[in-house]
Amino acid sequence: MHSAVVHLHGSLVHLLTAAAEEPVSKDPGPIVPELKELYWSAGSFVVFALLMRFWLFPKLKKGMDARYQGIRSAHESADAERSNARAEVADYEAQVAAIKAEAAREVEAARNALEAERQAKLAEVNARLAERRAAAVAEADAERAAARDQIHAAVSDVAGRAGELATGRRPSDEVVTRVVSEVMAR
Amino acid sequence: MEAFSHIAAATGLTGDEAKAAAAASSAGFAYGLAAIGPGIGIGYLVGKSVEAMARQPEAAGMVRTTMFLGIAFTEALALIGFVVFILIGL
Amino acid sequence: MIAESFSFPEINSILRWQDLFVSFNKIALIAVMAGVIGTVVFLLAGRKDASKAPKGVRNLAEVSVEFIEDGIVMQTMGKDGMGWTPFLLSLFIFIYLCNVPGIIPFLQMPATARIAIPMFLALLVWVIYIGVGFKHQGLGYIKSTLFPPGVPKALYILVTPIEFISTILVRPFSLTVRLFANMLAGHILLVTFALLTQSLITAETKQLMLKPMAILPFGMLVFLTAFEVLVAFLQAYIFTILTAVYIGGSTHPEH
């Protein structure tokens, strides 16, 4: 009598070889279903489909959905953070612009003040310069007038004497002075 | 039936042998004839699908699905011919 | 001559398998393994940490779930059909895992090349889409299926029998035959070219050129094996998407 093990071994050997050794009958044709194949395959498919429907698939799907949800929420939070950062950058830029405008205004004011001061000083200096020049001009005029009077006196004197020598008569001072003045004015 | 007797008379085979010979040759005809129509049909179908996909690549997924469905329906005829071939030939 | 030593084996000898135990043969083994492998993959995937980026088994499971959701449910039923995802997913995985042993060495038998599995699945789908039709539309399902609106009354004599045959009779039949015949044809082709290769190599002949010629059917064998990888996936996909189309058609009339 065969033991189950021997039977199993023999079956596995037969599994790898075509079943041609056994007398195959033509009776169940290739398009007639064999009952044993039908119920084994039906049973395994039904069990597999039920397991899939009520246990395996929901478990897997739950994990997938959770992960997709996680990815989506991570995306959304990243978007929110990005827009936050954008707002902060805009804020910072606005502050920078305000400070720059302030600085420009101050610089402008300082420049204006400086310019006014410079103008004032320049005017002062110019005034002083003009004053001095006027003084110098007056002095020079006075000196020139003095020199002319001196020359006038000297020339009058010379002319008087020359007239006296030539005519033996002293011309009147008045005439000499008038003549000299006329000549010098020419 | 008459054909069998003609073959039997011509070749000197017995009735059963002549029947088997006739079955074998008609099985070949059954499959060969059944394959003509679906062959033309599938060729036309796939060619048109490729044309459609080339014209509108964004609709390629839908066209492909429909193409496979069409192939499945068309091919069924050839496969029925094949089953007939199995039934009468082997 | 080769032709004398080569003859194709009886078809049952390449399709029917001895029992491993009582009533449990290789087809049953493959079917059970398909269920077990699918369960184990999704069990392992469910155990892993869901919050991290998916890797390995979990990635495989999630890719298949998204394939069913985006590639099948959304394309045929829209958002309302999301509740059918687990059923379609298990249908797809089961069929794929039954198809794929056709090219796995030492198994080399697609379980769907026996008519039992396609027939059972097609009948299940048939029951489901008719049940869904009655559940969603009540008796209106009969009306919208057999008497489609927008057809002149006189034509119903012609249209109603056609609709009845195509919806109620042909659908499960074509669903069965499509899967079964595709896988059987692939299996027969692989057997044919394997046998051709073997008989050329072992031929007792004096013509030396004959043995190296075995490379030709062998090349074809390799090519067909690669082709079967595609077919295994495609047939599972087509069966699933047709199921989705039928169920979607029952939930919403006129689509």
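We name chains A, B, ... by the order of the sequence lines, and we start the count at 1 in each one.
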* Checking B:I80 against chain C: side chain, backbone, both or neither under 4.5 Å from a heavy atom? -> both

* **Other residues, nucleotides, ligands: >12 heavy atoms within 6.0 Å of C:Y156 OH** => yes

* To do: Using atom types as modelled and distance alone, determine if a side-chain donor or acceptor of C:R178 lies under 3.5 Å from a backbone N or O of B:A72.
  => yes

* Does a side-chain heavy-atom distance below 4.5 Å link C:L242 with B:F68? -> no

* Determine whether more than 12 heavy atoms belonging to other residues, nucleotides or ligands lie under 6.0 Å from atom CE of B:M62. => no

* Taking heavy atoms only and a threshold strictly under 4.5 Å, list by residue number the residues of residues 230-241 of chain C that touch chain B; give 'none' if the list is empty. => C:L234, C:Q235, C:Y237, C:I238, C:I241

* Can you tell if the side chain of C:N182 reaches within under 4.5 Å of the side chain of B:F82, non-hydrogen atoms only? -> no

* Asked: More than 12 foreign heavy atoms under 6.0 Å from CZ of C:F67: is that the case here?
  -> yes

* Contact listing (chain B partner; residues 163-172 of chain C; heavy atom under 4.5 Å) -> none

* Structure fact -> Between the CG atom in B:L79 and the OG1 atom in C:T176, the distance rounded to the nearest 0.5 Å is 12.0 Å

* More than 12 heavy atoms of other groups within 6.0 Å of C:W126 CH2 -> no

* To do: Could you check C:I188 against B:I86 for side-chain contact (heavy atoms from CB on, under 4.5 Å), going step by step and ending with a plain yes or no?
  => CA-CA 11 Å; C:I188 289 178; B:I86 295 281; 3.7 Å; yes

